[in-house]
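Here the structure is a predicted model, which means the values were calculated and not measured. Numbering of ligands and ligand atoms starts at 1, following listing order. Each residue takes its place number in the sequence, starting with 1.
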Amino acid sequence: MQNIGLVKIGTILCLETNLFAPILLLQKFHDVTLGLEKNKGQQLGLVRRRKEINLMKKRLLAGMFATLMAASMVACGSDGGSTGGAAPADGGEATEAEGGDAAASGDVITVGFAQVGHESDWRTASTKSVQDAFSAANGYDLQFVDCDNDSKAQIDAVRQFVQNDVDYIVIDPIVSTGWDTVLTECEDAGIPVIVIDRTIEDSDKYVSWVGSEFMNEGLASGAWLKAYAEAKGIDDLNVLVIEGSNGSSAQIGRTDGFKKYADEEGWTILDSQDGNFTQEGGQQVMESYCKSYAGKFNVVVCQNDNEAFGAMDAMKAAGVSYGVDGDVILISFDACKAGLEYVQSGDINADFMCYPLQGSYCADIIKALQNGETVAKETFMTEPWYVAEDILPSITYTNNAGEEVTEDLIVVTDAASQASY
Ligand code: AHR
């Protein structure tokens, strides 16, 4: 298994927030061993092909430049002094001879990033993390596209990166399917693709993925609700779900993980609608739920914090009480700073973290590829679970890898909420 700079990543992120230190030390780097050899060959092939393409382009440009300069010297009657065409052309060739492609020789590395949009606090933190990692000061030229939750716009952005001939492409896929054709185009152009956050399910033509195990987030929320209801003596659970953007792996994993518990425990899921991971979406769906299911529900699951903020506004307006002292148990995901403040105040009962600061992981993958190293096909974030009440110390559940795990529940303090993103 290839460690892609764990110590360094840990150092960088611990500087950002000391309280993440235990989380970061637990980050696990997980190779899919079956696919590793194929992946290694694919990665090395792509980087090699990229270098060959860059070399050809440079030679062509150098030749064109030399021809143009010679022509202009003839036209101007120059005697071919020291600043003639040979110097830049020679300079280009020398760089190649010494260091392969531009990126390997210490020149700027161009990265295209097709971001989902700007729908949530999580997304804002993700964008900043990638922009910080791929800053000009760090030697990158970042081409950033906010795809505004539009899948077609995201595919177009990736195609534009291919046209722009960037060195690497980073994608946070809005939806998990529909990727194979465009990823084949990237592969044909010799541009390595790194996927972050959400997953791609219908293609393996990317070199590495860094993100969250969304199914485990959903399973953990179900395991927590089961244990919490038992501890409180609540045996009739009637649940309303506000889903994240439909078709995203975050929505699919959280929905399926929670539903497994709902099915096993016989909870009633009264309704499950798309709130698009936005505060506005959460509010609209909850307003309609409050009318349709008045007095009939005692659990609301919001698939991210921003939806929970909107849902709280809607419940308040409808006179529905929620949280630790209310009639409705409120569950959320992300555990951003504002989300954890609501857990601390008892408005949200439990919040399951989704960790967005993946930029430095991405940069380390690119550095490893530049050095001809193999990188892990998958890197999972390790994410803690936060609660408002000191009732249950931990939850035990079978995770998506089939392992029985016991994980701590962290009661939110000032320090925890302030340390979050
Ligand atoms: O893909 C991660 C999810 O997308 C986060 O939970 C949500 O806040 C974001 O918009």
For residues 322-336, tabulate all N or O donor-acceptor pairs below 3.5 Å that involve a side-chain atom, not counting sequence neighbours.
unit_1 : atom_1 : unit_2 : atom_2 : d
Asp327 : OD2    : Ser321 : OG     : 3.3
Ser332 : OG     : Asn304 : O      : 3.4
Ser332 : OG     : Asp305 : N      : 3.4
Ser332 : OG     : Asp305 : OD1    : 2.6

Side-chain polar contacts of residues 224-240 - donor-acceptor pairs under 3.5 angstrom, sequence neighbours left out - could you list them?
unit_1 : atom_1 : unit_2 : atom_2 : d
Tyr228 : OH     : Asn349 : ND2    : 3.4
Tyr228 : OH     : Glu389 : OE1    : 2.6
Lys232 : NZ     : Glu389 : OE2    : 2.9

Test: Lys259 and Asp256 ion pair at under 4.0 Å: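 Judged by the 4.0 Å cut-off on N to carboxylate O distance, Lys259 and Asp256 do not form a salt bridge.
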
Sub-4.0 Å heavy-atom environment of ligand 1, residues by chain: Glu119, Ser120, Trp122, Arg123, Asp197, Arg198, Ala250, Arg254, Phe277, Asn304, Asp334

Tyr140 and Phe134 aromatic ring geometry - parallel, tilted or perpendicular at 30°/60° bounds: perpendicular

Under 3.5 Å, which donor-acceptor pairs link side chains of residues 278-286 to any protein atom two or more places apart or in another chain?
unit_1 : atom_1 : unit_2 : atom_2 : d
Thr278 : OG1    : Gly275 : O      : 3.4
Thr278 : OG1    : Gly281 : N      : 2.8
Gln283 : NE2    : Glu287 : OE2    : 3.2

Validation row, ring centre Tyr361 to ring centre Trp209 under 6.0 Å: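 Ring centroids of Tyr361 and Trp209 are no less than 6.0 Å from each other.
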
